[in-house]
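When a residue number appears, it is its place in the shown sequence, counting from 1. Every number for a ligand or one of its atoms is a count from 1 in the order of the listing.
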Amino acid sequence: MKSAYRNLGEFISELEKAGELLRVKAPVSSDLEITCITDLASKAPGGGKALLFEHVRKSRFPVLTNAFGSERRICMALGTHSLDSLAQRLDRFVRIGPPKSFRQLAGMLPMGLELIRFLPRRTSRAACQEVIYRGEQIDLSMLPVLKCWPQDGGPFVTLPVVITRSLKTGRRNAGMYRLQVFDRNTTGMHWHIHKDGSNYFQEYRKAGKRMPVAVAIGTDPAVTYAATAPLPRGIDEMMLAGFIRKRPVRMARCVSVDLEVPAEAEFVLEGYVDPEELRQEGPFGDHTGYYSLVGDYPVFHMTALTHRRNPVYAATIVGRPPMEDCWLAKATERIFLPLLGVLHPEVRDFWMPWEGVFHNIVVMAIDKEYPGHARRIMSAVWGQGQMSFSKAVALVDSGVDLKNPRKVMETILNRVDLESDLYITEGVLDVLDHSAPDPLFGAKIGIDATSRRPDERPRLKHAAGQIPADEVIEKTLNNTSALLSAFHAPPLDVCNRLLLISFAKDGRTPGLTLSERLLRKRVLKTFSILVLLDAGIDLRDYSLVLWKVFNNVDPRRDILRQGGRLAIDATRKSAEDGHTRPWPDDIEMAPEVAESVRKRAKELGIEEFCGPF
Ligand SMILES: Cc1cc2nc3c(=O)[nH]c(=O)nc-3n(C[C@H](O)[C@H](O)[C@H](O)COP(=O)(O)O)c2cc1C
């Protein structure tokens with residue numbers, strides 16, 4: 001397997017050789033149609049294929065999507081046979097201790113030399129500047145920037161490597177922050193308040209200076225991945241890319257700003273952000289599967305647009321998981337395990353289920369050593385870089401295989417005492433969290449499903465009685481409220497049984513009222529966890545149910561705990577629930593586009609992703 005691609009073109013060739021690329025030759029529109037096709041491919045078994053749209057209407061440049069969108073392709077992108085083996089390579093470096101002998105020191109020299117090889121290098125040969133536009137010549141409408149979803153505020157650059165430099169330390173940052181195209185030479189700059197780009201922006205704001213920014217689109221895959229990785233502030237993402245590639249990233253000076261960009265990028269946008277200027281950005285169909293709401297963000301003014309002679313425009317589509325970004329996140333989960341292990345050696349593994357859209361839940365397997373150990377790790381997670389956004393943290397013993405989701409679920413549901421193993425606290429929340437009453441800060445839940453030691457108080461177990469007949473449950477629900485309709489008890493062999501219940505919201509009845517009534521029903525006592533879901537949700541689609549629970553629940557407001565049992569309101573919230581913020585819509589493709597793509601499946605060559613008609 002190739003471990004380093006000079007540029008995106010080389011990666012595309014390798015994908016094609018491996019049978020992982022589909023060339024779509026028929027004309028397509030960058031307005032929704034590419035999204036619709038990419039969404040079908042992403043959700044096909046095995047993540048479909050990378051798609052190269054060769055003929056995009058109104059643009060002369062081809063578009064690449066879904067290039068990272070499967071286990072095989074993310075491994076190809078990062079030049080590794082498995083993400084775990086890449087993590088092991090990193091583990092060797094982070095565990096270097098002081099040498100105990102001269103021999104050991106000599107043994108470390110090759111590693112030291114290897115480290116030097118990761119450092120980015122300057123070059124004067126900049127393929128990304130084969131074509132240069134400046135000033136009035138700049139026109140973003142020549143790029144096939146995608147309007148991804150129907151309610152999007154406009155076209156968005158979705159796979160950009162945004163490069164900035166700290167005014168204080170001079171250190172470079174590369175982060176992936178989407179850009180909404182406003183006109184021929186300005187875009188939004190959507191760095192969330194917690195991110196390094198935003199931190200550097202504040203430095204320029206305080207100093208009253210314009211901030212130079214460069215954006216590389218279509219870099220070699222290691223650089224693209226590195227821009228998404230949650231590295232500590234001040235550590236250059238180009239070093240991580242160099243480590244992954246086992247070769248330095250070649251950087252070229254920009255033509256109009258004092259920054260450097262990956263020399264082999266397909267396109268580069270150069271310019272500046274004026275710290276005093278903010279503009280409304282969004283909405284945008286986001287990776288949560290919901291639209292992220294309109295917000296004020298800085299504006300990026302372009303001073304140059306450069307590109308290779310025959311560039312490919314790289315893009316991604318995010319939306320309800322699984323999508324391509326799930327694989328970028330999977331890489332982070334695996335690669336960052338050794339780094340987490342340095343700080344917390346008792347953490348043996350961790351898993352961010354896709355339904356949790358990265359920030360909503362993390363499951364960790366630990367070697368428990370003392371009472372309260374699990375709580376300590378929860379606190380550590382909530383204080384750790386971007387992991388601190390995690391709304392829920394669930395801990396299990398290290399013997400539990402996190403690669404087996406059903407087993408993890410059963411372990412948690414079998415073990416936890418719902419009175420003493422759930423811990424509610426508060427902390428920072430991801431900008432994209434929509435369930436908390438206030439943005440950016442709110443409730444979090446820790447679930448301790450590790451085994452209890454002899455020196456800890458034993459758990460109280462819920463006595464699960466006989467499951468009542470369906471008719472009895474149905475009658476009980478009807479007697480509770482006419483708004484409760486369907487129900488389903490997942491067939492799990494666990495002590496804490498679940499009952500999923502459909503709730504047709506009427507805009508007047510708070511979920512909490514129904515939760516209270518339901519917990520009082522004697523017939524339902526055999527179920528320790530009652531979950532309310534919006535009517536219309538297929539209660540047997542467990543991935544959908546988990547996605548709703550992880551996204552829609554504010555742990556303090558929406559979880560009612562009584563007598564060792566829980567009622568969880570995972571419905572959409574509004575004023576009657578005390579939720580005064582806007583609630584975002586689920587992302588859905590425009591039916592006419594979906595219909596037209598399905599009709600054109602043969603012409604587009606995508607029948608294999610379309611499923612039965
Ligand atoms: C496809 C994709 C799009 C993203 N878009 C954004 C975005 O618009 N804003 C943002 O703050 N983070 C976004 N992220 C997450 C950041 O790239 C990620 O948190 C990264 O670590 C930020 O880098 P930083 O720590 O250097 O700021 C995106 C990630 C991916 C994979």
Side-chain angles (χ1 to χ4, degrees), residues 35 38 42 64-69 74 77 146 148 152-153 156-166 169 171-181 187-203 213 215-219 221 223-241 281-289 291-298 300 314-319 321-333 335-336 339 352 354 357-359 384-390 428-433 440:
T35 298
T38 306
S42 302
L64 178 73
T65 62
N66 206 24
F68 297 88
I74 187 76
L146 307 183
C148 301
D152 281 5
F156 285 82
V157 178
T158 51
L159 207 60
V161 177
V162 177
I163 296 170
T164 52
R165 190 173 326 108
S166 162
T169 64
R171 295 201 175 209
R172 173 169 44 221
N173 186 64
M176 184 164 292
Y177 321 115
R178 71 177 186 233
L179 314 175
Q180 178 174 356
V181 175
T187 77
M189 183 52 73
H190 186 254
W191 41 51
H192 294 159
I193 191 166
H194 304 120
K195 304 293 172 72
D196 294 344
S198 173
N199 177 270
Y200 289 1
F201 170 70
Q202 292 307 331
E203 295 177 354
V213 179
V215 179
I217 305 169
T219 54
V223 170
T224 306
Y225 163 71
T228 73
L231 288 180
R233 183 173 306 148
I235 298 193
D236 188 357
E237 280 78 8
M238 296 306 145
M239 259 181 71
L240 174 63
E281 195 265 9
F284 174 71
D286 223 312
H287 77 92
T288 53
Y291 283 95
S292 52
L293 303 166
V294 170
D296 283 338
Y297 281 88
F300 174 51
T316 189
I317 307 297
V318 294
M323 288 287 218
E324 181 174 12
D325 60 320
C326 291
W327 291 104
L328 292 164
K330 187 52 123 184
T332 292
E333 182 196 284
I335 293 171
F336 278 70
L339 298 178
M352 295 184 287
W354 287 343
V357 303
F358 325 140
H359 59 258
Q384 195 70 60
Q386 293 186 36
M387 274 205 149
S388 62
F389 309 147
S390 308
V428 290
L429 293 176
D430 194 285
V431 172
L432 299 181
D433 174 79
L440 303 176

Set of residues that line ligand 1, where lining means a heavy atom lies under 4.0 Å from it = T158, N173, A174, G175, M176, Y177, R178, H190, W191, H192, K195, D196, G197, A227, T228, A229, P230, E237, T316, L328, Q386
Between T224 and T219, do the side chains contain an N or O donor and an N or O acceptor separated by less than 3.5 Å?
-> yes
Sorted by chain and number, sequence neighbours left out, side chain to side chain contact (heavy atoms under 4.5 Å, CB included) with L432 holds for H192, D286, H287, T288, S292, H359, D430
Flag if over 12 foreign heavy atoms under 6.0 Å of CZ, R171 | no
Just by distance, with hydrogens left out, do E203 and S166 show a side-chain donor and acceptor under 3.5 Å apart?
-> yes
Mark yes or no for whether E281, through its side chain, and H190, through its backbone, hold a donor-acceptor pair below 3.5 Å.
-> no
Do other residues, nucleotides or ligands put more than 12 heavy atoms under 6.0 Å from I193 CD1?
-> no
